[in-house]
Amino acid sequence: MPHDHDPLEEGPALRVRALEALMVDKGLVDPDTLDSIAEYYERETGPRNGAAVVARAWTDPAYKDWLLRDGTAAINAMGFSGFQGEHIRVLENTKAMHHVVVCTLCSCYPWPVLGLPPTWYKSPAYRSRVVREPRVVLAEFGLRLPKDVQVKVWDSTAEIRYLVLPRRPAGTDDRSAEELAGLVTRNGMIGTALV
Ligand code: FE
């Protein structure tokens with residue numbers, strides 16, 4: 001083997017590139033349009049949006065109040081809205097309370113702030129177990145919470161989606177909102193990680 005890449009992984013990417021080249025060649029699509037679509041899904045949607053919301057809440061108390069009172073409106077105000085984001089409630093993690101989100105029926109998820117759900121979020125095991133034994137499931141994610149922290153599990157529906165507002169890490173007082181956003185992970189906003 002001249003190189004050690006997995007041909008099964010390369011196959012689809014090669015076919016997509018070949019198809020793209022063909023479509024551009026035939027004048028069916030504009031390569032700049034394709035790039036901007038890919039960029040939108042990679043960068044503009046997804047957990048980076050949620051992280052920007054979290055970082056703003058950490059640095060702007062008035063925004064945080066608004067976010068907790070009316071998540072949908074406060075999130076819309078940052079330009080994040082649309083399908084599966086019509087009704088978002090934000091849950092604030094505190095010293096005493098840790099929130100974790102699931103959709104027991106299917107995979108409801110706040111797309112405008114988190115993008116598409118990870119595979120584990122859609123798995124029957126996560127959906128059933130996190131309700132029954134949240135601490136055990138969280139420990140499997142590497143998150144061991146002290147006994148005096150209450151864990152609350154929220155079941156998403158088609159009507160309402162949840163975003164967890166993680167606790168701001170200690171020692172980050174001098175960080176800018178942009179730097180803070182870089183600390184926030186997708187799992188932190190689902191509740192299966194601390195930040
Ligand atoms: Fe669902």
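We count ligands from 1, going down the list as the structure has it; atoms in each ligand are counted the same way.
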*Is a side-chain donor or acceptor of Trp58 paired with a backbone partner of Pro166 at a separation under 3.5 angstrom?*
yes

*Could you pull out all residues at least two apart from Glu140 that satisfy salt bridge (charged side-chain N to carboxylate O under 4.0 Å, His left out)?*
Arg129

*Sequence neighbours left out, what passes salt bridge (charged side-chain N to carboxylate O under 4.0 Å, His left out) with Arg56? Give chain and number order.*
Asp60

*State which residues pass salt bridge (charged side-chain N to carboxylate O under 4.0 Å, His left out) with Glu178; sequence neighbours excluded, sorted by chain then number.*
none

*Please work out whether the ring planes of Tyr126 and Phe141 are parallel, tilted or perpendicular, with thresholds of 30° and 60°.*
perpendicular

*Closer than 2.8 Å to the Fe ion (ligand 1), how many protein N/O/S atoms do you count?*
4

*Salt bridge flag under 4.0 Å for residues Glu92 and Arg167*: no

